[in-house]
Number of protein chains: 2
Amino acid sequence: MDVIDRLARNLRRLRQLKGWSQEEFAFRAEIHRTYISDLERGARNPTITVVSRLATALQVPIGDLLD
Amino acid sequence: MDVIDRLARNLRRLRQLKGWSQEEFAFRAEIHRTYISDLERGARNPTITVVSRLATALQVPIGDLLD
DNA sequence: TTGTGACTTCAAGTCCGTT
DNA sequence: CAACGGACTTGAAGTCACA
């Protein structure tokens with residue numbers, strides 16, 4: 001499993017753990033809702049600045065999303 | 001300090017720890033020589049697939065480069 | 001509430017070189 | 001050996017309408 005799929009699974013898992021919809025997550029991370037959808041399906045290859053915003057919104061270290 | 005600067009410092013530190021030139025690092029990570037130079041100077045915002053290749057070459061978890 | 005195709009803008013990433 | 005510039009191609013960022 002590559003890093004894009006690991007990110008996808010971690011995002012969905014951690015978001016649901018918070019009880020957030022994709023829309024609420026998107027708002028908190030300041031990222032478009034449909035982009036979150038793409039990321040959770042492993043359909044994008046984001047830059048580290050995007051991943052950093054996601055990690056901040058989820059309140060986890062970046063490594064928790066990618067390792 | 002943002003994630004790009006943290007990556008820059010970690011890359012240079014870990015590469016030098018291995019005793020590699022930028023060119024040798026580039027070869028091992030299958031990334032262009034000039035791009036490594038850019039990354040170590042914090043001048044680029046790489047995708048996670050690139051960071052993954054860098055981490056693999058350095059034999060460290062991705063989190064060690066970004067957290 | 002989420003998935004998806006389509007789209008534009010701009011940066012990621014490569015390759016040539018010189019300092 | 002590393003910094004840096006210019007020119008280039010590819011692909012990410014960001015958004016929308018609609019299923």
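First the proteins, then the strands, lettered A, B, ... as listed; each starts at 1. The basis for the numbers below is simple: all heavy atoms, side chains too, and nothing from hydrogens, waters or symmetry mates.
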Quiz item: Of all heavy-atom pairs between B/A26 and B/H32, which one has the smallest distance, and what is that distance?
Solution: CB-C, 4.1 Å
Quiz item: What closest approach, in Å, do A/A8 and A/L39 show between heavy atoms, and which atom pair accounts for it?
Solution: CB-O, 3.3 Å
Quiz item: Given atom CD of A/E23 and atom C1' of C/dG3, what is their separation to the nearest angstrom?
Solution: 14 Å
Quiz prompt | Side chains of A/P46 and B/I48 in contact at under 4.5 Å (non-hydrogen atoms) | solution = yes
Quiz prompt | Reference residue A/K18; test side chain to side chain contact (heavy atoms under 4.5 Å, CB included); the match among A/E24, A/Q59, A/R28 | solution = A/Q59
Practice problem: To the nearest Å, give me how far apart CZ (B/R53) and P (C/dA12) are. | Solution: 15 Å
Quiz item: In whole angstroms, how far is the P atom of D/dC4 from the CD atom of B/Q22?
Solution: 11 Å
Self-check item: Transitive ILVMFWY side-chain link B/L7 to A/V60, under 4.5 Å
Solution: yes
Quiz item: What is the distance, rounded to the nearest whole Å, between atom CG of A/N45 and atom C1' of C/dA11?
Solution: 13 Å
Quiz item: Taking side chain as C-beta onward, heavy atoms only, is B/N45 less than 4.5 Å from B/V3?
Solution: no
Exercise. Would you mind reading off the distance between A/E24 atom CD and C/dT1 atom P, rounded to a whole angstrom?
Key: 10 Å
Quiz prompt | Distance below 4.0 Å between A/R12 side-chain N/O and C/dT1 OP1 or OP2 | solution = no
Name the pairs: protein N/O against N/O of nucleotides 15-19 of chain D, kept only if under 3.5 Å.
residue, atom, partner, partner atom, Å
D/dC16, N4, A/T34, OG1, 3.1

Quiz item: Side chains of A/L54 and A/I36: does their closest heavy-atom pair fall under 4.5 Å?
Solution: yes
Quiz item: Mind checking whether B/R6 and A/I62 have side chains closer than 4.5 Å, heavy atoms only?
Solution: yes
Self-check item: Between D/dG11 (C1') and A/I4 (CD1): distance, integer Å
Solution: 12 Å
Quiz prompt | Distance, rounded to the nearest Å, where B/F25 contributes CZ and D/dA2 contributes P | solution = 12 Å
Practice problem: Report the distance from atom CG of A/L39 to atom P of D/dG14, rounded to the nearest whole Å. | Solution: 11 Å
Self-check item: Sugar-phosphate, base or nothing in reach of B/T47, heavy atoms under 4.0 Å
Solution: sugar-phosphate
Exercise. State, to the nearest 10°, the angle formed by the axis through the first five base pairs of the helix from C/dT2-D/dA19 to C/dT19-D/dA2 and the axis through its last five.
Key: 50°
Quiz item: Can you hop from A/L66 to A/L17 via hydrophobic side chains spaced under 4.5 Å?
Solution: yes
